[in-house]
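Mind looking over this structure? Questions follow.
Everything numeric in this text was worked out from a predicted model, so none of it was measured.
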Amino acid sequence: MSLEAIKRVTETEQNSLQRKAEAAQQAKRTVAEAERAGQERLEKARQEAEAKAKALMTEAERKAAEHAKTVMKETERTCKTLSQEAGARLDKAATLIVRRVVKD
């Protein structure tokens, strides 16, 4: 083999090794970039999920408060009605008791 051919082979091997090293570095950069992008997407998704959960919780609390208010009003109406009915029966009961006591 001539000296010129050996130089070309050596040069080609050097170029090949250099391209291989550059490709390995590029692959590492690509992987690092993909991991960073994945972490950013994951964090964004986590933040969106937290915001959605907070909004849902706020809405649920609002609806629960509204329902509690409605139930409280209905309970107050029922209590008032029962109290009025009891008051009306109280007079009848008192009259009945007086009649029984007087008869005995």
Side-chain angles (χ1 to χ4, degrees):
M1 211 183 223
S2 73
L3 186 59
E4 188 64 35
I6 293 172
K7 282 183 182 181
R8 274 188 268 147
V9 169
T10 303
E11 197 175 286
T12 303
E13 286 176 349
Q14 292 280 334
N15 288 340
S16 176
L17 289 174
Q18 185 178 354
R19 279 186 260 140
K20 192 174 186 180
E22 288 172 359
Q25 288 298 320
Q26 182 60 38
K28 286 181 184 179
R29 285 191 295 268
T30 302
V31 168
E33 176 63 25
E35 287 178 352
R36 185 191 61 74
Q39 288 296 327
E40 287 177 1
R41 287 182 187 151
L42 180 64
E43 180 62 21
K44 183 179 178 183
R46 185 189 63 75
Q47 289 174 353
E48 289 173 356
E50 284 179 359
K52 187 173 182 178
K54 186 176 180 179
L56 289 172
M57 185 61 91
T58 300
E59 179 64 15
E61 288 173 350
R62 184 192 66 75
K63 286 182 179 180
E66 186 177 300
H67 179 69
K69 188 176 180 180
T70 302
V71 169
M72 186 63 92
K73 285 182 180 180
E74 183 62 32
T75 302
E76 287 174 358
R77 279 191 288 259
T78 302
C79 286
K80 186 176 180 181
T81 301
L82 290 174
S83 179
Q84 290 171 347
E85 289 174 0
R89 290 180 185 157
L90 184 62
D91 290 338
K92 292 178 184 177
T95 303
L96 181 64
I97 291 171
V98 168
R99 282 185 198 160
R100 286 187 181 176
V101 168
V102 172
K103 284 185 179 181
D104 288 343

Among pairs that include at least one residue of residues 5-18, which meet salt bridge (Lys or Arg N to Asp or Glu O under 4.0 Å), considering only residues two or more places apart or in two chains?
-> none

Per-pair distances, 0.1 Å, donor-acceptor, side chain in residues 67-82, under 3.5 Å, sequence neighbours excluded:
residue: Thr70; atom: OG1; partner: Glu66; partner atom: O; Å: 3.0
residue: Glu74; atom: OE1; partner: Arg77; partner atom: NE; Å: 3.4
residue: Glu74; atom: OE1; partner: Arg77; partner atom: NH2; Å: 3.0
residue: Thr75; atom: OG1; partner: Val71; partner atom: O; Å: 2.8
residue: Thr78; atom: OG1; partner: Glu74; partner atom: O; Å: 2.9
residue: Thr81; atom: OG1; partner: Arg77; partner atom: O; Å: 2.9

Distance col, row Asp91:CG vs Leu96:CG, nearest 0.5 angstrom, shows 12.5 Å

Listed by chain and number, what are the side-chain hydrogen bond (donor to acceptor under 3.5 Å, both in side chains) partners of Glu40, not counting sequence neighbours?
-> Arg36

For Glu43, enumerate each residue passing the salt bridge (Lys or Arg N to Asp or Glu O under 4.0 Å) test, keeping only those at least two apart in sequence or located in another chain.
-> Arg46

Between CG of Leu42 and CD of Gln47, what distance do you get to the nearest 0.5 Å?
-> 10.0 Å

Taking Thr58 for its side chain and Lys54 for its backbone only, find out whether a donor-acceptor pair lies under 3.5 Å.
-> yes

Please identify each residue that fulfils side-chain hydrogen bond (donor to acceptor under 3.5 Å, both in side chains) with Gln26, with sequence neighbours left out.
-> Arg29, Thr30

Listed by chain and number, what are the side-chain hydrogen bond (donor to acceptor under 3.5 Å, both in side chains) partners of Glu35, not counting sequence neighbours?
-> none

